Amino acid sequence: MTFYHFFKVDMNHFSLNLPPDDNGFYGEFGGVFVPDVLKENIINLKKAFLKYIDDPTFQEEFDQLMRDYVGRPTPLYYAKRLSEKYNTNIYIKREDLNHTGAHKINNAIGQVLLAKRMGKRRVIAETGAGQHGVATATVCALMGMECTVYMGKIDVDRQRPNVERMKMLGANVVPVTQGGATLADAVDVALMDWCEHPDDTFYLLGSAVGPDPYPQMVARFQSIISEEIRKQLLEKTGKENPDYVIACIGGGSNATGAFYHFIPQEGVKLVAAEAGGKGVDSGKTAASISVGREGIIHGFRTMVLMDDAGNIEEPYSISAGLDYPGIGPFISHLARTGRIEVVAVNDDCALNAAHTLTSIEGIIPALESSHALGVLDLMKFKPTDTVVINLSGRGDKDMSTYLGIPVME
Ligand SMILES: *Cc1c(COP(=O)(O)O)cnc(C)c1O
């Protein structure tokens with residue numbers, strides 16, 4: 001991909017050498033498409049982000065919390081029995097071992113540090129699987145901030161343990177009943193709240209989506225994942241670059257973080273697993289790249305699940321964290337330019353992969369991460385390949401799905 005020769009990537013995880021452009025565009029995707037009432041919030045946020053992202057004391061505070069509070073670096077684990085099963089060399093990046101059980105905390109810490117510096121007192125967030133809500137409630141407890149989390153009513157019902165954790169952490173969890181009552185609707189309500197409280201409120205967005213600067217901000221905080229993978233691979237194999245990096249995509253934050261430092265490395269194949277649901281042609285899917293069209297959602301241009309009239313369609317996935325009708329603009333751009341390969345992984349394939357990892361490696365993955373593992377059954381790898389799979393989170397929250405217990409309505 002000659003395109004990326006222009007971007008010299010600095011190993012510092014706060015480097016600014018990848019897209020977007022100054023207006024927040026990744027090719028034709030991204031940008032800022034928000035009502036006027038939100039424009040000033042966005043401009044102030046971008047100013048603060050650009051001011052602090054390269055500030056040494058900000059970086060120091062971020063690094064220290066990553067190490068002492070989150071527990072980074074997370075291990076890069078050589079999965080011997082899984083490697084034997086697939087006759088290749090599989091390394092698992094253990095984001096499931098982060099404090100609160102997923103990669104979401106990396107971004108939540110970065111944004112809450114920014115919120116503090118901007119003098120905000122109140123934090124709002126949306127959540128799907130509840131992982132981002134838990135991460136946000138956690139950092140708000142840590143920093144003494146007031147916290148409100150919007151969550152689709154359907155997700156509140158299917159992710160009970162996380163709702164209870166958020167409440168214990170002191171967050172006000174607000175069930176959203178409008179629309180399909182899932183993640184997309186929770187984002188709408190959070191954006192409305194932000195319009196109504198522009199002065200004292202910080203909107204802590206959980207994925208690499210939304211109007212600029214959110215996608216680049218989230219990508220930068222999550223890029224600590226690929227930075228660590230390179231160092232750890234070098235130590236373990238003598239090479240910084242694997243043949244493959246595989247990650248699941250909901251909004252695209254763990255994938256962007258796992259891919260980030262490899263994007264300019266042409267030899268590294270990057271594979272994104274999107275949620276096929278019951279099949280990309282079944283009408284019950286969240287595969288926005290495979291079957292979506294270009295459109296605008298939540299303040300940015302990207303690939304969106306839409307009908308012929310341009311109405312956003314209800315996404316479906318067995319996994320609450322992948323149940324989003326759009327995808328981050330950077331991922332759309334990387335797919336459009338051919339830098340990443342996108343594979344749709346259906347519910348049953350993800351479930352199978354979860355049971356395989358659990359039975360032969362003793363690791364219960366999050367349902368979202370199981371979609372990345374599902375790629376092992378869909379692609380062919382050589383015995384000499386080095387394959388890194390980003391295990392974005394742990395499966396405790398998904399036990400009832402794994403055990404086939406119906407969710408309470
Ligand atoms: C939220 C979540 C995802 C999906 O979000 P991305 O922004 O695409 O990473 C994936 N895995 C886990 C464990 C999550 O909690």
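Each ligand, and each atom within it, is numbered from 1 in the order the structure gives. None of these values were measured; they are calculated from a predicted model.
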[X] heavy atom under 4.0 Å from ligand 1:
{"X": "His132", "value": "no"}
{"X": "Arg394", "value": "no"}
{"X": "Ala129", "value": "no"}
{"X": "Ala255", "value": "no"}

For [X], take its heavy atoms, then give the atoms of ligand 1 lying under 4.0 Å from any of them.
{"X": "Gln131", "answer": "15 (O)"}
{"X": "Ile249", "answer": "8 (O)"}
{"X": "Cys248", "answer": "10 (C)"}
{"X": "Gly393", "answer": "13 (C)"}
{"X": "Ala366", "answer": "13 (C)"}

Requested in this report: Start with the C-alpha gap between Lys278 and Thr285, add the side-chain angles, then the distance that decides, and say whether side chain to side chain donor-acceptor pair (under 3.5 Å) holds.
Outcome: CA-CA 6 Å; Lys278 303 231 187 266; Thr285 184; over 6 Å; no
Closest protein heavy atom (residue, atom, distance) for [atom]:
{"atom": "atom 12 (C) of ligand 1", "value": "Ser392 OG, 3.5 Å"}
{"atom": "atom 7 (O) of ligand 1", "value": "Ser207 OG, 2.5 Å"}
{"atom": "atom 6 (P) of ligand 1", "value": "Ser253 N, 3.3 Å"}

Option of least heavy-atom distance to [atom] (set: [options]):
{"atom": "atom 9 (O) of ligand 1", "options": "Asp323, Val209, Asn254", "value": "Asn254"}
{"atom": "atom 8 (O) of ligand 1", "options": "Gly128, Ser369, Gly250", "value": "Gly250"}
{"atom": "atom 4 (C) of ligand 1", "options": "Gly133, Gly252, Gly321, Ser370", "value": "Gly321"}
{"atom": "atom 10 (C) of ligand 1", "options": "Glu274, Glu368, His371, Lys397", "value": "Glu368"}

Requested in this report: For ligand 1, indicate whether the residue Lys104 contacts it via side chain, backbone, both or neither (heavy-atom separation under 4.0 Å).
Outcome: side chain
**Report entry** More than 12 heavy atoms from other groups under 6.0 Å of CZ on Arg293
**Finding:** yes
Query raised in the report: How far does CG of Asp377 sit from CE of Met379, to the nearest 0.5 angstrom?
Result: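 Interatomic distance, Asp377 CG to Met379 CE, rounded to 0.5 Å: 12.5 Å.
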Query raised in the report: Mind checking whether Tyr77 and Leu391 have side chains closer than 4.5 Å, heavy atoms only?
Result: no
**Report entry** Contacts of type side chain to side chain donor-acceptor pair (under 3.5 Å), residue Tyr26, not counting sequence neighbours
**Finding:** none
Query - Pair Phe381 and Tyr244, ring centroids less than 6.0 Å apart - result: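 Yes - the distance between ring centres of Phe381 and Tyr244 falls below the 6.0 Å cut-off.
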Query raised in the report: Do you know which of Leu65, Val112, Leu169 makes side-chain contact (heavy atoms from CB on, under 4.5 Å) with Leu142?
Result: Leu65
**Report entry** Stacked cation flag Arg117 on Tyr52, 6.0 angstrom / 45 deg
**Finding:** yes
Requested in this report: Please confirm whether Lys120 makes a cation-pi placement over Phe202, using NZ or CZ under 6.0 Å from the six-membered ring centre and within 45° of the ring normal.
Outcome: no
Query raised in the report: Using the ring of each side chain (for Trp, its six-membered ring), is Tyr91 parallel, tilted or perpendicular to Tyr78, with breaks at 30° and 60°?
Result: tilted
Query raised in the report: Only one of His103, Arg394, Lys104, Arg72 forms a side chain to side chain donor-acceptor pair (under 3.5 Å) with Glu95, so which one is it?
Result: Arg72
